[in-house]
2 protein chains.
Amino acid sequence: MPSAPRARRKEDARARILDEARRIVLEQGFEALTMRRIAEAAGYSAAALYLHFANRDAIARALGEGGMRSLLAALTEAAAVPDPVARLGALALAYVGFARSDPETYRLIFMEQGFAASALGGKDEAGAAAFQLLAGAFQDLHRAGRLKPGQDPAALALTFWILVHGTASLKLTCSAFLSPSEEDLLATALDALLNGVLEPDPTGPNSPGRSIRR
Amino acid sequence: MPSAPRARRKEDARARILDEARRIVLEQGFEALTMRRIAEAAGYSAAALYLHFANRDAIARALGEGGMRSLLAALTEAAAVPDPVARLGALALAYVGFARSDPETYRLIFMEQGFAASALGGKDEAGAAAFQLLAGAFQDLHRAGRLKPGQDPAALALTFWILVHGTASLKLTCSAFLSPSEEDLLATALDALLNGVLEPDPTGPNSPGRSIRR
DNA sequence: GTCTATATTCTGATAGAC
DNA sequence: GTCTATCAGAATATAGAC
């Protein structure tokens, strides 16, 4: 076991490497994240990085995990809103706010292939906790009897995730085609999700779902 | 102007190059698309490709444009359904079906940075036509008086796009975390979008939108 | 039009001196 | 622990012969 000061110094090096890596991804994108660039920014030789991380993938994974913890922190703050409906608005804003403020990290976690499969597919605690915050709002609505009969809170949480991810990711890649702001897009989408867009049909609710599930 | 047979042969070469490029992307992913690999598959030297395409980006752009035309074709078929509500279900299935059957092309068009900005941001006719098919369904609902008062068909079309893209893209990157099938996810989401999930509130509809727009 | 050969530049990763 | 030097290979793109 290394002595306390040595262990601390080693952790410092690790943290410095990750800090610079995060900055490179933020400023130049994920594909600019090379061992040489990280090393130069952190004041090391490229070879020295391999004393602290097994390889480039390990650095990318650490970045993604850190990003997921940031997302969890942002969502946790929003989840403090008591009323579940208002909370969903706050959660949606926090989610797309994270994607907008750190788009390359959002890409890395949710739009790159390989990361979500390995980090989330394993047992990423932060990711599971983040999703639980979304699910909790729908569970609260369910317990309060505010959901229509037959609505499944867990399935609705997935729909909510799809909605905020769709907003965040389309805004990142197709912003030229998506002129409304994230706020306007989310306001329209959440209103539709909660209250519906169709006039009530006296002969029973419309169900494209039936035809989809056939 | 080249003679007819020569022009045809030149177009053949172009088509063969694109065919092989498409196959490589489909089977090995977009990052495996290198000039060397394309050339080998098409039976050319790498240098010969530069007689038919300015550079690698031009090949990628041609692939994306072709993919967008395929998506438009799939959506056009689904758009033949007369009833607008049933049509939305068909369009959603066609959209995610395209993403599932050709995931790497879907990535290239809608999840990679650079393509949508250049191809869609310009004046991609197929892309605009594809979106118009989605918007048309909501316009039909609007004209038939089946939308609630104050609902904007154009904004709802964006919401619909967000939903189907969210479903398609999350399924591509986070399938381990999204156990339900695309069909089940879409059925839940479309039912929510059209009919809402909350019990009607006698004091007026719930509006997280107001708090979002603040 | 197509080839071979090559220039140039980048990448991740390792060996071995200190 | 950190360095220099290097390996082994990949990439795009071009020059010039045929």
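Just so we're on the same page: letters track the sequence lines, and every chain starts at 1.
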request  = With a 4.0 Å heavy-atom cut-off, tell me which residues in residues 19-29 of chain A come close to DNA chain C, sorted by residue number.
outcome  = none
ask   = Hey, does the side chain of Asp57(B) reach the backbone of Ala60(B) with a donor-acceptor pair shorter than 3.5 angstrom?
value = no
message = Check whether Lys171(A) reaches the backbone of Leu178(A) with its side chain - one donor and one acceptor, N or O, closer than 3.5 Å.
response = yes
query = Does His142(B) NE2 have over 12 foreign heavy atoms under 6.0 Å away?
reply = no
[X] [atom1] to [N] [atom2]: how many Å, rounded?
{"X": "Leu51(B)", "N": "dC3(C)", "atom1": "CG", "atom2": "P", "value": "9 Å"}
{"X": "Leu49(A)", "N": "dT11(C)", "atom1": "CG", "atom2": "P", "value": "13 Å"}
{"X": "Asp57(A)", "N": "dT11(C)", "atom1": "CG", "atom2": "P", "value": "16 Å"}
{"X": "Leu33(A)", "N": "dA13(C)", "atom1": "CG", "atom2": "P", "value": "12 Å"}
{"X": "Arg37(B)", "N": "dT12(D)", "atom1": "CZ", "atom2": "P", "value": "9 Å"}
{"X": "Ile17(A)", "N": "dT2(D)", "atom1": "CD1", "atom2": "C1'", "value": "11 Å"}
{"X": "His52(A)", "N": "dC3(D)", "atom1": "NE2", "atom2": "C1'", "value": "13 Å"}
{"X": "Phe53(B)", "N": "dT14(D)", "atom1": "CZ", "atom2": "P", "value": "16 Å"}

task = Could you please spell out the steps behind the salt bridge (charged side-chain N to carboxylate O under 4.0 Å, His left out) verdict for Arg23(B) and Glu20(B)?
result = CA-CA 5 Å; Arg23(B) 203 179 47 77; Glu20(B) 293 303 324; 2.9 Å; yes
query = Got a sec, which residues hit salt bridge (Lys or Arg N to Asp or Glu O under 4.0 Å) with Asp152(B), two or more places apart in sequence or on another chain?
reply = none
Closest nucleotide among [options] to the [X] side chain:
{"X": "Met35(A)", "options": "dG12(C), dT2(C), dG1(D)", "result": "dG12(C)"}
{"X": "Asn55(A)", "options": "dT2(C), dA13(C), dA13(D)", "result": "dA13(C)"}
{"X": "Arg56(A)", "options": "dA13(D), dA11(D), dG12(C)", "result": "dG12(C)"}

task = Using a 4.5 Å cut-off on heavy atoms from C-beta on, say whether the side chain of Pro84(B) contacts that of Phe138(B).
result = no
Salt-bridge criterion met for Arg22(A) and Asp102(A) (N-O under 4.0 Å) = no
key: Pair Asp140(A) + Arg143(A), salt bridge at N-O below 4.0 Å   = yes
remark   = Each nucleotide of nucleotides 4-9 of chain C classed B (base within 4.0 Å of a protein heavy atom), S (only sugar-phosphate) or -, in 5' to 3' order, makes B-----
request  = Verify the distance criterion only: is there a donor paired with an acceptor across the side chains of Tyr106(B) and Arg100(B) at less than 3.5 Å?
outcome  = no
